Number of protein chains: 2
Amino acid sequence: MSIPNPVPSYIAPLIAHFNDYLPMDAEDIAMLLPRVVERKVKRRQFILQEGDVCQHYNFVVSGCFKIYKVDEKGGEHNIQFVTENDWATDIGSFHAEKPSELYIEAIEPGHILQIKRPDLLFLYVNSPKFDRNFRVIIEDKFVELQNRLLQSFCVNATERYLAFLEQYPELSQRLPNTQIASYLGITPEFLSKIRKDLVSK
Amino acid sequence: MSIPNPVPSYIAPLIAHFNDYLPMDAEDIAMLLPRVVERKVKRRQFILQEGDVCQHYNFVVSGCFKIYKVDEKGGEHNIQFVTENDWATDIGSFHAEKPSELYIEAIEPGHILQIKRPDLLFLYVNSPKFDRNFRVIIEDKFVELQNRLLQSFCVNATERYLAFLEQYPELSQRLPNTQIASYLGITPEFLSKIRKDLVSK
DNA sequence: AAAGAACCTTAACCTAGATTAAGGGTAACT
DNA sequence: AGTTACCCTTAATCTAGGTTAAGGTTCTTT
């Protein structure tokens with residue numbers, strides 16, 4: 001199999017990302033290339049809306065996305081922020097081909113790389129490296145999610161905020177406090193109070 | 001490769017479990033067999049304690065386990081119950097070989113099948129089916145965990161309790177309310193109140 | 001440049017759920 | 001068979017965080 005030369009430059013971050021796990025050879029890359037589509041996303045644009053089936057694995061090349069759910073009263077609850085070199089997908093909806101309960105929305109303009117379900121299944125069947133890499137990627141995401149659940153159970157809002165600042169110092173600059181509050185599971189008003197109390201100490 | 005005939009009967013549930021995903025052939029089973037150890041577990045026995053590295057993937061053949069974290073004040077927070085044909089492992093600790101923050105404890109006496117880290121890595125390297133199967137298993141677990149996080153964010157305690165009864169009718173019979181309360185993120189006293197209010201309606 | 005939309009903060013008041021305490025019931029080791 | 005440990009419930013009191021409302025500020029879009 002031959003690789004287009006040069007490989008389109010927008011794909012480099014994705015290949016680099018896979019190489020962090022099990023390095024890809026020329027054949028893997030040749031298989032991957034025609035199955036990846038680049039897409040530009042504007043601020044506030046959705047790449048997934050409640051009720052739609054999540055059709056793509058979305059790899060974020062640039063920009064910042066929020067994955068959130070809207071409750072019965074219309075309140076938004078951020079479950080995850082996704083930035084450069086990470087995946088923004090509703091895995092449940094994608095694999096079960098069921099309507100999603102989630103929204104994925106761009107907080108900043110950005111670029112993503114999309115792989116469609118049949119294409120990803122093709123990759124899984126034709127090169128075991130993709131099974132391996134996505135297994136490890138999802139293990140990492142599982143651990144991240146589990147830590148988030150543990151924190152929301154075991155730690156109060158002030159400490160969750162401090163932990164967030166420590167774990168995501170860059171995000172805390174990049175995001176409005178309303179979004180951070182939603183991620184922490186509190187109101188913007190209460191976050192404001194926490195911030196005031198922290199300063200006055 | 002030849003399979004011991006008969007295959008030890010205690011292993012049947014594990015093979016059946018894998019067959020739910022990508023069916024195993026004789027070679028896969030031959031590879032798996034010598035790497036699985038059966039273990040009997042008594043009520044209240046730990047298969048993982050905080051501070052220890054999680055050394056095994058534990059498949060539950062019978063019994064019921066809780067995975068929980070102890071907070072700074074000594075309170076226990078159940079993050080998951082594990083029963084027949086499911087896995088009870090701290091994936092983060094296992095893969096990173098770091099001390100766990102979690103306890104895994106038997107609520108009932110039971111049997112588990114254990115696979116050690118080097119053995120699982122061997123299986124991953126020597127048959128891509130294991131990568132595939134564990135990828136899908138972990139995807140399912142990720143979705144389960146994500147739904148749990150969504151619920152704890154978007155839904156109040158009464159509705160979470162009702163959802164628990166609906167989703168795990170069997171567990172709600174099998175477990176004391178103290179354990180269910182801990183899973184729901186509330187105190188046993190408050191669960192008691194919820195139950196009373198539900199009855200009086 | 002103006003207008004609107006989103007964001008941040010403060011403060012008074014409100015509520016879901018925690019805490020403490022106490023009594024009675026039930027399961028499990030000796 | 002007895003006793004210890006766990007479990008369930010009720011009720012009074014308390015608190016972390018929510019709600020509402022209002023004023024000021026800063027982005028965004030036209």
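Values in this document were obtained by computation on a predicted structure and should not be read as measured data. Lettering of chains follows the sequences in order, A, B, ..., and the numbering in each one begins at 1.
Here B/Gly185 lies in heavy-atom contact (under 4.0 Å) with sugar-phosphate atoms only. Among the protein residues, B/Thr178 comes within range of the sugar-phosphate backbone only, with heavy atoms under 4.0 Å from sugar or phosphate atoms but none that close to a base.
Under the 6.0 Å cut-off for aromatic ring centres, B/Phe130 and B/Tyr124 do not qualify, their centroids lying 6.0 Å or more apart.
Remark: C1' of C/dC29 and NZ of B/Lys42 are 13 Å apart, rounded to the nearest angstrom. In this structure, the CG atom of A/Asp197 is 12 Å from the C1' atom of C/dT10, given to the nearest Å. Taking atom CD on A/Gln179 and atom P on C/dC7, their separation rounds to 7 Å, with Å as the unit. Atom CD of B/Glu159 and atom P of C/dA16 are 12 Å apart (whole Å). Taking atom CD1 of A/Ile180 as the reference point, atom C1' of C/dA6 lies 15 Å away to the nearest angstrom. Atom pair B/Ile194:CD1 and C/dA18:C1' shows a separation of 12 Å (rounding to whole Å applied). Atoms CD1 (A/Ile186) and C1' (C/dA16) sit 17 Å apart, rounded to a whole Å. If you take CD1 of A/Ile107 and P of C/dA6, they are 14 Å apart, rounded to a whole angstrom.
Counting heavy atoms from C-beta on, the side chains of A/Val136 and A/Glu139 come closer than 4.5 Å. Taking 4.5 Å as the limit, every side-chain heavy atom of A/Phe18 sits out of range of all side-chain heavy atoms of A/Lys129. Residues B/Leu123 and B/Met31 have side chains in contact (heavy-atom distance under 4.5 Å, counting atoms from C-beta outward).
Considering only side-chain N and O atoms, A/Lys196 lies under 4.0 angstrom from the phosphate OP1 or OP2 of C/dA11. Between C/dA18 and B/Thr187, a contact under 4.0 Å exists linking OP1 or OP2 to a side-chain N or O. Taking only side-chain nitrogens and oxygens, A/Arg195 comes nearer than 4.0 Å to OP1 or OP2 of C/dT9.
Between B/Arg44 and A/Arg44, the one whose closest nucleotide on DNA chain D sits nearer the 5' end is B/Arg44. Between A/Leu191 and B/Lys73, the residue anchored closer to the 5' end of DNA chain C is A/Leu191, taking for each the nucleotide with the nearest heavy atom. Along DNA chain D, the nucleotide nearest to A/Ala157 and the one nearest to A/Glu189 differ in position, and the one closer to the 5' end is contacted by A/Ala157.
Side chain to side chain, A/Arg174 and A/Tyr168 fail the donor-acceptor criterion of an N or O pair below 3.5 Å.
Using a 4.0 Å cut-off between a side-chain N of Lys or Arg and a carboxylate O of Asp or Glu, A/Arg148 and A/Glu144 do not qualify as a salt bridge.
Proximity of a side-chain donor or acceptor of A/Asp197 to a complementary backbone N or O of A/Ile194 within less than 3.5 Å is not detected. Between the side chain of B/Ser182 and the backbone N or O of B/Asn78, at least one donor-acceptor pair lies under 3.5 Å.
When DNA chain D is scanned in the 5' to 3' direction for atoms under 4.0 Å from non-hydrogen atoms of chain A, the outermost contacting nucleotides are D/dG17 to D/dT28.
Contact detail for A/Thr89 and A/Asn58: the closest heavy-atom pair is OG1-N, 3.0 Å.
When the local axes at the two ends of the helix from C/dA1-D/dT30 to C/dG23-D/dC8 are compared, using 5 base pairs at each end, they differ in direction by 50° after rounding to 10°.
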**Asked** So B/Trp87 and B/Phe134, ring-ring contact (aromatic ring centres under 6.0 Å, His included) or not? Walk me through it.
**Response** CA-CA 11 Å; B/Trp87 297 89; B/Phe134 279 99; 5.3 Å; yes
